[in-house]
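In the text below, chain A, chain B and the rest are named by the order of the sequence lines, each starting its count at 1. These numbers come from a predicted model, not from an experiment.
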Amino acid sequence: MAKRIDVSGLHVYYGDFLAVENVSMTIEPRSVTAFIGSSGCGKSTFLRTLNRMHEVTPGARVEGKVLLDDQDIYSPDVDPVEVRREVGMVFQRPNPFPTMSIYDNVIAGAKLNNRRLRKSEADDIVERSLRGANLWEEVKDRLDRPGAGLSGGQQQRLCIARAIAVEPSVLLMDEPCSALDPISTLAIEDLIAQLKENYTIVIVTHNMQQAARVSDVTAFFNLAGTGKPGKLIEMGETNKIFTKPEKKETENYITGRFG
Amino acid sequence: MSATKLSAPEQTVPPRPTPSLRGRTLPKYLPPALLGGSAVVCAAALYLLDRWNPAVWAILAAVLYTAAVTVLSAVVENRRKAVDRLVTSVVYVCFTVAMVPLVSLLWTVLSRGLVRLDGYFLSVSMNGVTPSMDAGGVYHAIVGTLLMTLMAAVISVPIGLMTAVYLVEYGRGRLRQAITFFVDVMTGIPSIVAGLFVVALWILLFGPGHTNGAAGAIALSVLMIPVVVRSCEEMLRLVPNELREASYALGVPKWLTVLKVVLPTALSGLTTGVMLALARVIGETAPLILTAGSSAVSINANLFEGQMMSLPVFIYSQVRMGGAINYERAWAGALTLIIIVMLLFLAARLVSHFFAPKTR
Ligand SMILES: Nc1ncnc2c1ncn2[C@@H]1O[C@H](COP(=O)(O)OP(=O)(O)OP(=O)(O)O)[C@@H](O)[C@H]1O
Ligand SMILES: [Mg+2]
C-alpha cells in the first residue's frame with residue numbers, strides 16, 4: 001500500500017531562517033527517490049517535513065502543501081502521530097533505544113504504543129524485520145542483549161528493522177549507509193530494492209554511485225548562494241540526471257566540478 | 001577497486017633527521033624518596049626549633065617537596081616535565097587538603113558516636129528517661145526521621161518530577177520562565193522560613209497548638225521539591241533528542257515517548273537526584289523544631305497526631321541539655337543519622353546500577 005507524495009510550493013523555516021525555498025515535486029509510489037546535493041542545502045530538513053518530524057524542532061515551521069495520496073498532511077485536522085505511522089524514518093546516526101534489548105528495539109513501534117502482541121506474532125515480526133535488514137544471522141543468538149551493544153553498522157540495521165517492523169507505506173532514509181561498511185551497504189541497497197515493491201522510498205545520500213544504483217528518480221538540491229536558502233534544482237529519472245542533466249549546476253555537481 | 005599499483009611519491013626533499021624521542025628522566029624512586037626526605041627534614045627542623053605542630057609540619061613538607069621536585073626536574077629533565085611535576089604536586093596537595101575536614105569529621109563522629117551506639121541505644125526511646133540517666137535511645141527519633149522523610153518524599157517526588165518533565169518536554173515561553181524562576185527562588189529559601197510557613201499554614205487550617213509529623217513533612221517537602229525539580233531537569237536534558245525523534249518516527253505520541261523512552265533512559269540519574277534531595281532534607285533541624293516539636297520522648301508512629309522526634313532534633317535537644325551523657329547521646333545520634341544517609345546512598349547506587357542503560 002505504497003503512497004504517492006505530492007509536494008507543492010513548500011517553504012521550510014527554522015524560526016525566521018528560511019532553510020528550503022519553494023519546493024514542488026511528486027514522489028511516485030513503489031519507487032526509490034534519491035536526494036543529492038551539497039552539505040547544508042537542506043536535504044535532511046526537507047526530508048523531515050515529509051513526516052512532520054520537522055516541527056519537533058522548537059520554532060520550526062513550514063508553508064505549503066504536502067499531499068499523501070490526496071490528504072494534506074499539514075491541514076489543521078491532521079494528527080502528526082498518524083502521519084508518522086504511515087511515513088517511517090531512518091536517521092543518519094543510529095539511535096537504538098538504550099534501555100531495550102535487540103528484540104524489544106525491533107518491536108518498539110508496537111510496544112511503545114501499548115499494542116499487545118501475541119508472543120508468536122512478535123517473534124514473527126522480529127525475525128522478518130531483522131532478516132529484512134540483513135541482521136538476523138548476526139544477532140539471532142543474542143536477541144535479549146541490549147541494542148546499544150552492537151557495532152555502529154549493526155545498530156543502523158537494527159534501526160532499519162525497527163522502522164520496517166511497523167510496516168509504514170513510505171520510508172524516509174537520511175544517509176542510512178553513512179556509517180556502514182560496503183557489505184552492509186550492499187545489503188541495505190538490496191533491501192531497498194526489495195522494499196520498493198511495497199513501499200515508497202526516499203533516500204538522502206552523498207554517494208553518487210549509490211544514488212545511481214538504487215534510485216529510479218533523483219532530485220538535486222543546491223544552495224542559491226551562501227546564506228541563501230536551499231532549492232530544488234532539478235529532478236528527473238536517475239538515468240537522465242546522471243547522463244544528460246538539463247541544468248549546468250547539476251552537471252557540475254555530479255561530475256565533481258563546482259562553481 | 002581495480003588493482004592499480006600505488007607508487008611512492010618521488011623524494012625531492014632531503015629527509016629530516018628524526019629528533020631523538022628519548023630524554024633524561026628522574027628515576028622512579030626519586031619522587032617518593034624526596035617526599036620522605038622533606039617530611040623528615042621538616043620534622044627535624046620543627047623539633048629542633050621546639051615548634052612541633054603536625055599541621056605546620058605537613059604544610060612545610062608539602063611545600064618543600066613541591067619545590068624540590070620541580071627544581072630537580074627542571075635541571076635534569078626539561079621545562080615541560082618540570083611544569084607537569086609542579087602541577088601534579090599541587091593537585092595532590094589540594095586533594096589532601098580537601099580530604100582533611102572530611103576524614104576528621106568522620107573520625108570524630110565515629111570515635112565519639114561508637115561510645116553509645118549499640119543495639120540497646122537503637123531500640124529504645126527516651127520515654128521515662130531523665131536527662132542524666134544512663135539509659136535511653138533514639139528509636140523514636142529514627143521512626144520520626146524515616147516517617148517524615150518518607151512522607152516528604154512521597155509528596156515531593158511526584159510534584160518535582162512532573163514539574164521537571166513539564167520544564168524539559170512541554171514548557172514554552174513565559175510560563176516556563178516563571179516556573180524556573182520560582183524554583184530557583186524556592187531553592188534559596190532558608191529552611192527556618194519553610195518551617196515558619198508551615199506553622200502559619202497549620203494555625204490557619206487547624207488553629208493554634210497543632211504540632212505533628214505531617215507538618216514537619218510538609219516543611220521538608222517545601223525544601224525538597226525545588227531540589228528534585230532541579231536535579232531531575234538536568235537528568236532529563238541529558239537524554240539525547242535522537243531517542244525522542246526515533247520514538248516519534250515510529251508513530252508514538254509524545255506522552256508515551258516521555259513515559260516509556262525518556263523516563264526509563266534517565267531513570268538511574270533520576271534516582272540519584274532524588275537521593276541527593278533526600279539527603280538534603282534528612283538533616284534539617286530548624287523547620288522540624290518549629291513544626292514537629294522538640295520535646296517528644298516516646299515512640300510516635302502517627303504522623304497526624306502529637307509531636308514527633310527526629311534525629312537532628314534529638315541531637316539538638318541533647319546538646320542543649322549539656323551533660324556528659326547528653327553529649328554521648330548526641331554523637332551516637334549523629335552517627336546513626338550518617339549511617340542512615342549512607343544506606344540511602346547505597347540503595348541509590350544499587351538502583352542506578354541495575355537500571356542504567358546497559359551496553360552488553
Ligand atoms: N535545528 C536547526 N535549527 C536551525 N537551523 C538548522 C537546524 N538544522 C539545520 N539547520 C540549517 O538548515 C540548513 C539545512 O540543513 P540540513 O541539515 O537540512 O542540510 P543537509 O542537506 O541535510 O546537509 P548534510 O548533507 O550535511 O546532512 C543548514 O543551513 C542548517 O544550518
Ligand atoms: Mg543531512
Side-chain angles (χ1 to χ4, degrees), chain A residues 47-48 50-59 79-101 104-115 142 144-150 155 158-159 162-168 171-174 182, chain B residues 1-3 161 165-177 179-180 232-233 235-272 350-360:
Chain A
L47 191 74
R48 287 162 57 92
L50 301 181
N51 68 342
R52 296 195 61 170
M53 282 299 280
H54 179 62
E55 68 205 50
V56 170
T57 313
D79 180 0
V81 172
E82 291 302 328
V83 173
R84 293 180 200 133
R85 281 180 193 163
E86 283 299 302
V87 186
M89 184 156 202
V90 176
F91 297 82
Q92 189 164 352
R93 283 207 291 167
N95 51 4
F97 296 118
T99 49
M100 295 186 193
S101 65
D104 287 343
N105 259 291
V106 177
I107 50 166
K111 268 199 109 144
L112 294 177
N113 273 315
N114 286 332
R115 246 202 327 278
R142 44 171 174 160
D144 54 343
R145 288 305 182 75
L150 298 173
Q155 289 186 19
L158 179 61
C159 294
R162 181 175 70 185
I164 57 182
V166 294
E167 305 192 332
L171 195 57
L172 309 175
M173 300 174 138
D174 192 350
Chain B
M1 274 287 151
S2 62
L161 188 59
V165 166
Y166 171 79
L167 289 178
V168 175
E169 306 288 337
Y170 294 93
R172 290 270 150 82
R174 281 280 166 75
L175 184 56
R176 190 181 107 184
Q177 280 173 2
I179 292 180
T180 310
C232 291
E233 197 187 340
M235 292 307 154
L236 293 178
R237 285 199 198 287
L238 285 182
V239 176
N241 243 334
E242 284 143 39
L243 295 182
R244 299 184 179 94
E245 296 197 343
S247 174
Y248 297 150
L250 291 170
V252 181
K254 185 160 185 167
W255 70 278
L256 277 173
T257 302
V258 171
L259 200 66
K260 302 180 101 178
V261 175
V262 178
L263 289 180
T265 307
L267 186 64
S268 76
L270 296 176
T271 333
T272 314
L350 287 178
V351 170
S352 313
H353 178 75
F354 285 112
F355 289 100
K358 294 180 189 61
T359 53
R360 46 190 53 262

Between [X] and chain B, which part of the residue has a heavy atom less than 4.5 Å away: side chain, backbone, both or neither?
X: A:Phe91; value: side chain
X: A:Arg142; value: neither
X: A:Pro80; value: neither

Practice problem: Report, by ascending residue number, the residues of residues 50-59 of chain A in heavy-atom contact with chain B at a distance under 4.5 Å; give 'none' if the set is empty. | Solution: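 Hits under 4.5 Å: A:Met53, A:Val56, A:Pro58.
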Quiz item: Can you pull out the residues in residues 258-267 of chain B with any heavy atom less than 4.5 Å from chain A?
Solution: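 The residues closer than 4.5 Å to chain A, in numerical order, are B:Lys260, B:Val261, B:Pro264, B:Thr265.
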Quiz item: Heavy atoms under 4.5 Å from chain A: which residues of residues 165-172 of chain B carry them?
Solution: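 The list, in residue order, reads B:Arg172.
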Quiz item: Mind checking what makes side chain to side chain contact (heavy atoms under 4.5 Å, CB included) contact with B:Asn241, not counting sequence neighbours?
Solution: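 Side chain to side chain contact (heavy atoms under 4.5 Å, CB included) list for B:Asn241, sorted by chain: B:Arg244.
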Quiz item: Among A:Leu112, A:Asp79, A:Val81, which one satisfies side chain to side chain contact (heavy atoms under 4.5 Å, CB included) with B:Pro253?
Solution: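 Only one of A:Leu112, A:Asp79, A:Val81 forms a side chain to side chain contact (heavy atoms under 4.5 Å, CB included) with B:Pro253, namely A:Val81.
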Exercise. Spell out, as yes or no, whether a donor-acceptor pair under 3.5 Å connects the side chain of A:Asn95 to the backbone of B:Leu243.
Key: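 Looks like no, no N/O pair under 3.5 Å.
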Quiz prompt | For the student: nearest non-hydrogen atoms of B:Gly251 and A:Arg85, plus distance | solution =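 Shortest heavy-atom contact: O-NE, 2.8 Å.
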Quiz prompt | Heavy-atom check, side chain of A:Met89 versus side chain of B:Glu245, under 4.5 Å | solution =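 Of all side-chain heavy-atom pairs linking B:Glu245 with A:Met89, none is under 4.5 Å.
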Exercise. Answer yes or no: is there a side-chain heavy-atom contact under 4.5 Å between A:Arg84 and B:Leu250?
Key: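 Sidechains of B:Leu250 and A:Arg84: no contact.
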Quiz item: Counting heavy atoms not belonging to A:Arg93, are there more than 12 under 6.0 Å from its CZ?
Solution: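 No, because the 6.0 Å sphere around CZ of A:Arg93 holds 12 heavy atoms or fewer from other groups.
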